[in-house]
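Below: the structure, in structure tokens.
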Amino acid sequence: MNILLATDLYPLFENEVGIPLIIRDFALGFEKEGHTVKVFRPNFMLNVFIRGRKLYRNGKYADKVSGVEVYNKNFLFPFRKNSVLRAYKKFFKDEKFDIILAHMPSGILCADIISKALNIPMLSAVHASDVTVLSDIKYVLFKKRMVEAYKNAKCILPRSFWLKDKIKKIIPNLEKPCQIIYSGIPAKIIEQNEQIEPKKFNPKKAKILTVSSLIKRKNIKPLILAFKKIKKKYPNISLEIIGDGKLREKLEILNVKTKAGAKFSGSLSKDEVMHKMKEADIFILPSKNETFGMVYMEALSAGMAVCCTKNSGIDGILKDGENGFLMKPDKKHIQKVLEKILKLKPKEYAEISKNAFITAKMFSYENSIKNYLEKIELFRL
């Protein structure tokens with residue numbers, strides 16, 4: 001197949017600030033399966049500045065990792081029909097695409113225009129950002145166009161189970177097939193972790209870990225405050241916070257002022273993070289409106305007791321008390337779920353750990369690519 005990806009969430013460079021790699025990982029997987037992928041990256045310039053991203057020139061870029069051609073277009077006004085089609089024809093001329101895969105609001109709005117004008121079938125993903133546009137009054141001017149775009153799609157592809165439920169509530173009359181496209185851990189990492197001895201859980205010396213951008217949405221402040229409370233009862237437990245971001249200085253000041261005793265390690269490489277996960281006992285990230293969160297899957301693959309916010313992230317994959325734990329994103333409930341884990345008997349923890357690894361194995365990267373391609377084949381005609 002010749003696949004067009006329409007999204008502003010595709011990196012032009014390896015370490016482009018503010019652009020996660022998940023959509024590029026999908027493209028890389030499609031290419032490995034023998035398909036051709038090109039990317040139309042539409043940027044609403046005001047949104048770029050609001051998000052604090054760098055504005056790059058219009059034109060063609062080559063992804064050095066996947067070999068995918070990326071065509072960047074900056075729009076002063078939000079995606080008028082004529083300007084979108086002019087950019088598309090300039091970049092792709094008479095090229096024939098079998099399918100358009102739309103990700104993120106800007107990608108969906110542009111893909112809808114192209115799909116209607118050129119009669120190319122479109123599949124539209126659902127991310128947390130799409131839910132924000134559809135439900136926040138600030139974006140009321142875009143909501144109607146977003147709903148129309150979803151109705152024009154052959155299939156709706158939520159990125160997680162909670163997003164599937166959310167989109168159906170926001171657009172109750174959306175009579176379209178709705179299929180999950182999840183992310184996964186590379187089989188190589190799963191195979192490496194399979195060789196590790198089962199974790200021996202000692203709640204009195206439990207190592208708690210979080211890995212996150214230190215921004216408001218990741219909700220690290222109540223975690224620090226909850227940890228401070230728990231540490232009074234379990235003085236030898238630890239909390240390590242890996243990551244960097246705008247709120248790091250404020251969070252470190254809070255940590256010092258409250259004498260919580262958390263350790264800030266800054267940004268670490270993927271290998272270093274995986275090593276930390278193998279050593280730790282509990283992974284917790286109380287994010288609000290997390291689309292999926294690959295870091296949860298990485299923690300599951302390391303056999304950790306993983307804690308995720310209800311109706312966010314991997315809720316739906318994570319079953320409370322079976323392969324992990326669900327919580328509300330406030331200090332009281334974070335403290336409650338951590339205390340619940342610390343009260344587990346070694347055999348109970350071992351069962352959670354085993355189920356966590358089995359879950360990660362089921363949701364491997366290779367399986368996620370296969371799952372996405374199956375949806376494309378089923379709905380592209």
Side-chain angles (χ1 to χ4, degrees), residues 5-7 9 20 22-23 25-26 29 99-109 111-112 121-136 139 142-143 145-185 217 285-297 300 306 308-320 322-329 359-360 362-365 367-380:
L5 260 171
T7 181
L9 205 67
I22 181 57
I23 298 177
D25 288 343
F26 281 134
I99 192 77
I100 304 176
L101 305 180
H103 284 260
M104 302 297 286
S106 61
I108 291 169
L109 294 176
D112 185 47
M122 174 183 69
L123 305 185
S124 289
V126 180
H127 295 253
S129 296
D130 305 311
V131 168
T132 299
V133 170
L134 291 167
S135 55
D136 193 325
Y139 303 101
F142 295 101
K143 180 176 180 178
R145 287 184 62 186
M146 286 286 290
V147 171
E148 288 176 356
Y150 281 126
K151 289 182 177 180
N152 183 49
K154 291 283 186 178
C155 181
I156 309 302
L157 304 172
R159 292 276 292 109
S160 62
F161 289 91
W162 77 271
L163 282 170
K164 181 177 180 179
D165 293 337
K166 197 78 173 176
I167 197 73
K168 286 184 174 182
K169 289 178 182 177
I170 294 173
I171 315 175
N173 60 341
L174 184 60
E175 297 176 357
K176 291 287 180 179
C178 208
Q179 302 282 328
I180 305 293
I181 50 166
Y182 55 84
S183 305
I185 301 296
R217 182 170 60 84
L285 180 56
S287 295
K288 296 178 180 179
N289 295 324
E290 187 77 60
T291 292
F292 187 84
M294 274 299 298
V295 70
Y296 294 116
M297 299 302 291
L300 287 172
V306 176
C308 172
T309 306
K310 292 180 180 179
N311 300 317
S312 185
I314 59 171
D315 185 358
I317 292 176
L318 206 66
K319 305 293 184 182
D320 191 49
E322 294 181 20
N323 59 354
F325 298 87
L326 296 170
M327 63 194 165
K328 293 180 182 179
T359 301
M362 288 170 58
F363 290 90
S364 69
Y365 169 69
N367 284 341
S368 74
I369 297 300
K370 181 181 178 182
N371 171 64
Y372 202 156
L373 287 172
E374 285 174 350
K375 305 300 186 289
I376 295 171
E377 289 288 356
L378 186 59
F379 295 104
R380 73 184 178 92

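Here the structure is a predicted model, which is why all the values come from computation and not from measurement.
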About how many Å separate [atom2] of [Y] and [atom1] of [X], when rounded to the nearest 0.5 Å?
{"X": "Glu290", "Y": "Leu163", "atom1": "CD", "atom2": "CG", "result": "10.0 Å"}
{"X": "Lys151", "Y": "Asp112", "atom1": "NZ", "atom2": "CG", "result": "12.0 Å"}
{"X": "Met146", "Y": "Ile171", "atom1": "CE", "atom2": "CD1", "result": "7.5 Å"}
{"X": "Ile156", "Y": "Phe379", "atom1": "CD1", "atom2": "CZ", "result": "10.0 Å"}
{"X": "Leu123", "Y": "Lys176", "atom1": "CG", "atom2": "NZ", "result": "10.5 Å"}
{"X": "Met294", "Y": "Ile22", "atom1": "CE", "atom2": "CD1", "result": "6.0 Å"}

Minimum heavy-atom distance [X]-[Y], with the two atoms named:
{"X": "Pro286", "Y": "Pro329", "value": "O-CB, 3.7 Å"}
{"X": "Ala102", "Y": "Gly107", "value": "CB-O, 3.9 Å"}
{"X": "Tyr296", "Y": "Leu285", "value": "OH-O, 2.7 Å"}
{"X": "Pro158", "Y": "Cys178", "value": "CG-SG, 3.5 Å"}
{"X": "Ala128", "Y": "Thr291", "value": "N-OG1, 3.0 Å"}

### Task
Kindly determine whether Lys375 and Asn371 satisfy side-chain contact (heavy atoms from CB on, under 4.5 Å), including the steps that lead there.
CA-CA 7 Å; Lys375 305 300 186 289; Asn371 171 64; 2.4 Å; yes

Please check this pair: side chain of [X] against backbone of [Y], looking for a donor-acceptor N/O pair closer than 3.5 Å.
{"X": "Asn367", "Y": "Met362", "result": "yes"}
{"X": "Asn323", "Y": "Ile317", "result": "yes"}
{"X": "Ser160", "Y": "Phe292", "result": "no"}
{"X": "Asp320", "Y": "Leu326", "result": "yes"}
{"X": "Arg159", "Y": "Ile180", "result": "no"}
{"X": "Tyr150", "Y": "Ile167", "result": "no"}

### Query
What do you reckon, is NZ of Lys328 surrounded by more than 12 foreign heavy atoms closer than 6.0 Å?
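Atom NZ in Lys328 is not packed in, count stays at 12 or less.
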
#### Entry: Passing candidate, side chain to side chain contact (heavy atoms under 4.5 Å, CB included) with Pro105, options Leu134, Thr132, Asp130
Asp130

### Task
Give me the one residue out of Pro121, Pro177, Ser124 that meets side chain to side chain contact (heavy atoms under 4.5 Å, CB included) with Cys155.
Pro177

### Task
Let me see the working for Lys143 and Val133 under side-chain contact (heavy atoms from CB on, under 4.5 Å), right down to the final yes or no.
CA-CA 6 Å; Lys143 180 176 180 178; Val133 170; 5.7 Å; no

### Task
Please test Phe363 against Ile314 for side-chain contact (heavy atoms from CB on, under 4.5 Å), starting from the C-alpha separation and ending with a verdict.
CA-CA 11 Å; Phe363 290 90; Ile314 59 171; over 6 Å; no

#### Entry: His103 and His127 aromatic ring geometry - parallel, tilted or perpendicular at 30°/60° bounds
perpendicular

### Intermediate values then yes/no, side-chain contact (heavy atoms from CB on, under 4.5 Å), Lys168 and Leu174
CA-CA 7 Å; Lys168 286 184 174 182; Leu174 184 60; over 6 Å; no

#### Entry: Check: Tyr182 and Met297 side chains under 4.5 Å, non-hydrogen atoms
no

